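Model, not experiment: these values are computed from the prediction. Chain A is the first sequence line, chain B the second, and so forth, proteins listed ahead of strands; every chain is numbered from 1.
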Number of protein chains: 4
Amino acid sequence: MQSRTPASRTGRPRSAAADAAILAATREGLVELGWSGLTLSDVAARAGVAKTTLYRRWSGKHELVVDAVAELFDELVLPDRGSLAADIEGVVLQFAAILNRPEAKCGLMGVVAESTRDDALRERVRTSIVERQKRLVLAGRARAQERGELPPEADPEESARTVDLIFDMAAGAVVHRTLVSGKPADEEWARGFTHILLLGLTTPAPNLTPPGKTVS
Amino acid sequence: MQSRTPASRTGRPRSAAADAAILAATREGLVELGWSGLTLSDVAARAGVAKTTLYRRWSGKHELVVDAVAELFDELVLPDRGSLAADIEGVVLQFAAILNRPEAKCGLMGVVAESTRDDALRERVRTSIVERQKRLVLAGRARAQERGELPPEADPEESARTVDLIFDMAAGAVVHRTLVSGKPADEEWARGFTHILLLGLTTPAPNLTPPGKTVS
Amino acid sequence: MQSRTPASRTGRPRSAAADAAILAATREGLVELGWSGLTLSDVAARAGVAKTTLYRRWSGKHELVVDAVAELFDELVLPDRGSLAADIEGVVLQFAAILNRPEAKCGLMGVVAESTRDDALRERVRTSIVERQKRLVLAGRARAQERGELPPEADPEESARTVDLIFDMAAGAVVHRTLVSGKPADEEWARGFTHILLLGLTTPAPNLTPPGKTVS
Amino acid sequence: MQSRTPASRTGRPRSAAADAAILAATREGLVELGWSGLTLSDVAARAGVAKTTLYRRWSGKHELVVDAVAELFDELVLPDRGSLAADIEGVVLQFAAILNRPEAKCGLMGVVAESTRDDALRERVRTSIVERQKRLVLAGRARAQERGELPPEADPEESARTVDLIFDMAAGAVVHRTLVSGKPADEEWARGFTHILLLGLTTPAPNLTPPGKTVS
DNA sequence: ACTTAACCGAGACGGTACGTCAGGTCTTAAA
DNA sequence: TTTAAGACCTGACGTACCGTCTCGGTTAAGT
């Protein structure tokens, strides 16, 4: 969240309740007004807080929304549904469900759009929202390895690359399906997606690529 | 582009040159100012055109940027690189190259962000930008079938679902890699992506895995 | 009215009906929209005429309204009510009646306001609207002289000055009463006004002005 | 000026200096650009103030100019020139001098023109500018009564009517002379005007001349 | 009847100001 | 020192009107 200067000892302390109220008001505003319609004046009014209070804690709309949205995605958990495929489907459906909430799609896409020209913001989005969800991929793989569905890691570097790839594919596909194609990422779709993803992960090395090009 | 009513026979005709100038100015503005920094006043000034002319043809920033960005993605072609895998890699890299251009990422994410609260806009984005690129998937599959890399279609409905799925996965993965993860979608990445995608497509595994069962 | 170039012999002649329609539409527009609300596009539409036609004949809103309003004041006539006082009262009431019509007050004050910074326009207002109403003062005086109520003119220069003064006093008082004070210039008021005006005109020379200052 | 709600105790108080700067800038703008050329953007820029500050205090151009012009006419004073006639001449010349200033004529006629379609505005013009100058008529009469030039009041209602009439005649005549006839309201003219006005006031002629009868 | 030139309607065009609104800073008094 | 309140500057918004222009098409006078 925002940088808290612990050096200040004197004076009136900041209201702790205000933070939560502001973030909730932000999400409420996103639901009703969308990203571009959201104004900090409105957030302040909703939270029963002065605009100054808000600017004292966040540097602007971007950062505020990042924090407000991040809390949403932290709800994701990895369910144990008995198999790797089912676990993947479960996470995908959870992710799709969150992305269906208006505050999530508005807020996320808004900050992503801004982050195309603001590296600091993109980094903040990545660390506050995206990167921390890789825990799901890691946990899923670990559980699959326990079950014997996947072999243990060999090359740690290669392993990290694969996690990134899977993450981009999963998150990207759900976002594109939901926000661009405008169709529901439902169970059937999740099954099809998981099918393709899993086969690629579990099949060692193909012969379809022309000679001279190995894949993994 | 905007709907042209051919019923108007009288009056001064609209300048054809203005359209091109405006769209080019829009892209230029996106490069320099980004989505949120782009103003229609600035576009008009760049294009040497009055603001009213702009509003006469487009209803606002959203629609204008959709048209301006759509022209970028129409540059995509399907190269014949000898195999399905190589073809996919080629298209993915082309797509990544376009998405690396600032006007493309700014503009695309900007309109997508807005479209989360505007169904008409999302439909416009879909038809003007996204949907027409499915031609690449269709052409790639046809060529692969000629080569014998893929079997001919059996169920047309299932086939359409697969095209959609592939498209969401490909477009989504590249976008997420480029814009969120912030890492380059380079040849190595494209190879990994293609590997996973292709195996899933070519392995005749059971498509209907019951929930809770393993896949491979 | 507008300058007509008689040098043009060939080609389609201007529609005579259009002029009248335009002036009528102008007055109609003044009634409904007022001076500042009046637009030439609206006038053109009301008159069933293209904007170009309008600009071909008048150079702008100012001149058009001058012509449109001038026609209103040309309705003034000098009634023969038997005495100078009654004649003055009659004309004053007529003038007040015209000035009560919204198109008259709107239009007149509008062009007068503009004319404070445009000498050519003020001259046009004076010659087209104001000056020609001095005929009423002249006719009234002539009739009073016939009746023997006023002596014949002695000094023609002095006479002209007096006509101007009376005119300014009469027109100014009615305008101020109607438009600024916002009270009706009714019969009682006209009687009071006429009383003061006439006494001053018919009394030869006062002694109230301090020595060394003669009035007439 | 604008109504100040003294109930507001909290928040940053309005800058008092801004008011004066804005009104001065308004007059400056009137001088250079005239009524129709005056824009609130320009006024704001001149006053070194944001447009919003301006709109926060005045509802529009009309009200702003009323206040700006009102200050001009508050400069009028009643000089003691020894006799009623001389006093009247003095005030008339002062009024003419103010009306000769471009900001005064532009502004006054502009708001009067607008007020022909806006009763609230006319009332504002009347109370803020016109009505308060009746003090001059009242003071002049009182002084003349002290001198014995005029008898004391008999009927207070009749007295008020006379004040109104004198005021309409004086103000109207000067305005018409200056702005419509376009000739200077100089000493000679003022003498002539005063002559007529005073005779009417001091001659105890029958006030109720039946219509159709001669006066003198 | 046939030029021919000015006329006409429609409406696009480059400008400019409008009045509103959001962003972000500041100045108060109170807590 | 923080807080609520709200005034402040900046700058874009989308609209409206101005006066000009460019079309296709019309209408008389002069041949």
Side-chain angles (χ1 to χ4, degrees), chain A residues 5 8-15 18 33 36-45 47-62, chain B residues 8-15 18 33 36-45 47-61, chain C residues 5 7-15 18 36-45 47-61, chain D residues 8-15 18 36-42 44-45 48-61:
Chain A
T5 52
S8 70
R9 191 62 44 194
T10 174
R12 175 170 170 181
R14 287 186 178 171
S15 159
L33 307 164
S36 63
L38 182 76
T39 71
L40 293 206
S41 303
D42 178 81
V43 170
V49 143
K51 237 188 338 171
T52 18
T53 300
L54 212 150
Y55 277 104
R56 209 172 287 118
R57 302 179 186 209
W58 285 273
S59 69
K61 186 170 167 177
H62 306 345
Chain B
S8 165
R9 189 60 47 193
T10 176
R12 177 172 171 178
R14 289 189 178 169
S15 160
L33 308 164
S36 63
L38 183 76
T39 70
L40 292 207
S41 307
D42 178 81
V43 170
V49 142
K51 224 176 6 160
T52 40
T53 299
L54 217 150
Y55 279 104
R56 208 174 288 120
R57 301 178 186 210
W58 285 275
S59 67
K61 187 171 166 176
Chain C
T5 50
S8 68
R9 192 57 47 195
T10 176
R12 176 175 174 177
R14 288 187 178 165
S15 160
S36 63
L38 183 74
T39 71
L40 293 207
S41 303
D42 179 80
V43 170
V49 142
K51 234 185 347 168
T52 16
T53 300
L54 214 149
Y55 277 103
R56 210 174 285 118
R57 302 178 186 209
W58 285 274
S59 69
K61 185 170 167 177
Chain D
S8 164
R9 188 62 45 195
T10 175
R12 178 174 171 177
R14 289 189 178 169
S15 161
S36 63
L38 183 75
T39 69
L40 293 206
S41 306
D42 179 81
V49 143
K51 226 177 2 160
T52 38
T53 298
L54 217 149
Y55 279 105
R56 206 174 290 118
R57 301 177 185 211
W58 286 275
S59 68
K61 185 171 166 176

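- Ranking F:dG19, F:dC9, E:dG9 by closeness to the D:T53 side chain, first place goes to F:dC9.
- Between C:Y55 and C:P13, the one whose closest nucleotide on DNA chain F sits nearer the 5' end is C:Y55.
- Of the two residues contacting DNA chain F, namely D:T52 and B:K51, the nearest-nucleotide position lying further toward the 5' end is that of D:T52.
- When distances are taken from the side chain of C:R57 to each of E:dC18, E:dC7, E:dG23, the shortest belongs to E:dC7.
- Between B:R56 atom CZ and F:dT22 atom C1' there is a gap of 13 Å when expressed in whole angstrom units.
- Between B:W58 atom CH2 and F:dG14 atom P there is a gap of 15 Å when expressed in whole angstrom units.
- When all heavy atoms of B:G60 and B:L40 are compared, the pair lying nearest together is C-CD1, 4.1 Å.
- Look at CG on A:D42: it is 15 Å from P on F:dA5, rounded to the nearest Å.
- Closest-nucleotide positions on DNA chain E for D:S41 and C:A18 were compared, and the one nearer the 5' end corresponds to C:A18.
- With rounding to whole Å, C:L38 atom CG is found 11 Å from F:dG19 atom P.
- Between the CZ atom of B:R12 and the P atom of F:dT22 there is a distance of 6 Å, given to the nearest Å.
- Once rounded to the nearest 0.5 Å, the distance linking NE2 of A:H62 with OG of B:S36 reads 6.0 Å.
- The separation between D:L40 atom CG and E:dT20 atom P is 11 Å, rounded to whole Å.
- One finds the CG atom of D:L54 at 12.5 Å from the NZ atom of D:K61 (value rounded to the nearest 0.5 Å).
- When all heavy atoms of B:A50 and B:A44 are compared, the closest pair comes out as C-CB, 4.0 Å.
- Using a 4.0 Å heavy-atom distance criterion, B:G48 is classed as a sugar-phosphate-only contact.
- At the heavy-atom level, A:L54 lies nowhere under 4.0 Å from the strands shown.
- Summarising the geometry, the separation between NZ on B:K61 and P on F:dG14 is reported as 8 Å, rounded to the nearest angstrom.
- Between atom OG1 of residue B:T52 and atom CZ of residue B:R57 there is a gap of 10.5 Å, rounded to the nearest 0.5 Å.
- As a whole-Å value, the separation of D:R14 CZ from F:dA5 P is 17 Å.
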